[in-house]
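Start at 1 with the first residue, then count along the sequence. All ligand and atom numbering here is 1-based and tracks the order in the structure. Both backbone and side-chain heavy atoms feed into the values below; hydrogens, waters and symmetry mates do not.
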Amino acid sequence: MTIPLFDTTTPLAPLRENILIRIGEVVGRGAFILGPEVDAFEREFAEYLGVEHVVGVANGTDAITIALRALGVQPGDEVVVPSFTFYATAEAVVTAGATPVFCDVDYDTRNVTPDTVRPALSSRTKAIVAVDLFGCPAPATELRALGLPILEDAAQAAGASVDGRKAGALGDVATFSFYPSKNLGCFGDGGAIATDDENIAELARALRFHGSRDKKTFDYVGYNSRLDEVQAAILRMLLRHLDEWSDGRRAAAAAYAQAGVGEHVTLPVVPHGAQPAWHLYVVTHPHADALLAELRVREIQSRAYYRTPLHRQPAMAPYVGDGLSLPVTDELARTNLALPMSPVLGADSAERVAAVLAAGA
Ligand SMILES: *Cc1c(COP(=O)(O)O)cnc(C)c1O
């Protein structure tokens, strides 16, 4: 039996019937955009995260663009972003009109730190994007000491926490993606912005609706970027299971460790006090491609992420200075492989993966 890279169907199976009933209720009500389900989800997700405001938007990429603009980022401003992340993190900076400046990450946690961010700072830096990569929270408290606004890209980290504070409550503003394979995934595209700052929330609300507060006067050139009612109704149901699913992801990581995976490949390091919600369980090995081939033959789905990091992507060439060197990013890009991860990955699967890695490494 194939072990899938993600298992998005098994955890949803017991909820299927009730989800269909809830979708039927939304269809019956006939309100599909910015109605009671979005309002309720925004309240419930804010309460879950422990923040004052959540603003639902159309996807996680728009969430970053709108959050940057709500932070006051303007054309000509620089925004520091890691190169080792999904493309959307930097793309959204360009869409917001700003200039992405790429920085390196820490090898052990794969996240930005004050030390990796510092070389990218200039007098034009307006904000720093800290990605909670693969579901492990970035060190937001340390980053805030740099004195610049922090946008936490928590697209991969719904359900994670640090010292009891949820990922999504760690920066000045945070963004989420509800893409189906994410930790909290809806049945299409969806996203959200989370913040304690009333002004940021208010501006984000206007920007998601064409830059208008009252649908009559248009104060900004904004976006048509709403979370829709059907998705919000589904997310309200799934949110109740997020903590249990995150526990399942951590149990899967523990099962890998128990099965001895760490003897064959290098495991991610969990920062002190962090409870990651492993969206992806990414390990490293000098011969990652050979291991990927071996796993594939044994019907274990695995994948390399970001083999071409963002500072080497064609569209980002205009934003990359001549001498830019990001050695840790290049090393992680070359050596990483993601093992199967889901809330329901059991010890038997972890042992099967470990056996293949033991033979191949
Ligand atoms: C998925 C993802 C995004 C983009 O989210 P979409 O909903 O696909 O637009 C942004 N940043 C990171 C780190 C992601 O993993």
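T10 and D7 form a side-chain donor-acceptor contact under 3.5 Å, judged by distance and modelled atom types alone. Side-chain N/O atoms of D106 and T109 include a donor and acceptor closer than 3.5 Å.
Set against the non-hydrogen atoms of T85, the atoms of ligand 1 under 4.0 Å away are 13 (C). Numbered from 1 in the order shown, with element, the atoms of ligand 1 that lie under 4.0 Å from a heavy atom of T89 read 11 (N), 13 (C). Of all atoms in ligand 1, numbered sequentially from 1 with element shown, those under 4.0 Å from a heavy atom of A155 are 2 (C), 3 (C), 10 (C), 11 (N), 12 (C), 14 (C), 15 (O).
Residue N59 touches ligand 1 through backbone and side chain together, judged by heavy-atom distances below 4.0 Å. Counting heavy atoms closer than 4.0 Å to ligand 1, residue L133 contributes nothing at all.
Classification of R110 and D132 as a salt-bridged pair fails, no side-chain N sitting under 4.0 Å from a carboxylate O. Between D62 and R226 there is no salt bridge, since no side-chain N of the basic residue sits under 4.0 Å from a carboxylate O of the acidic one. Taking 4.0 Å as the cut-off between side-chain N and carboxylate O, E152 and R144 do not count as a salt-bridged pair. Between R312 and D330, at least one side-chain N (NZ, or NE/NH1/NH2) sits under 4.0 Å from a carboxylate O, which counts as a salt bridge.
Summary of contacts: the protein heavy atom closest to atom 9 (O) of ligand 1 is T61 OG1, 2.5 Å. The single protein non-hydrogen atom nearest to atom 13 (C) of ligand 1 is D153 OD2, 3.4 Å, given as residue, atom name and distance. For atom 15 (O) of ligand 1, the closest non-hydrogen atom on the protein side is Q156 NE2, 2.8 Å. Remark: minimum distance from atom 1 (C) of ligand 1 to any protein heavy atom is reached at K182 NZ, 1.5 Å. Of all protein heavy atoms, the one lying nearest to atom 8 (O) of ligand 1 is S177 OG, 4.0 Å.
Here the CG atom belonging to D247 is positioned 9.5 Å from the CG atom belonging to L242, to the nearest 0.5 angstrom.
At least one N or O atom of G60, backbone or side chain, sits closer than 3.5 Å to an N or O atom of ligand 1.
Relative to the ring axis of F209, K215 places its NZ or CZ within 45° and under 6.0 Å from the centre.
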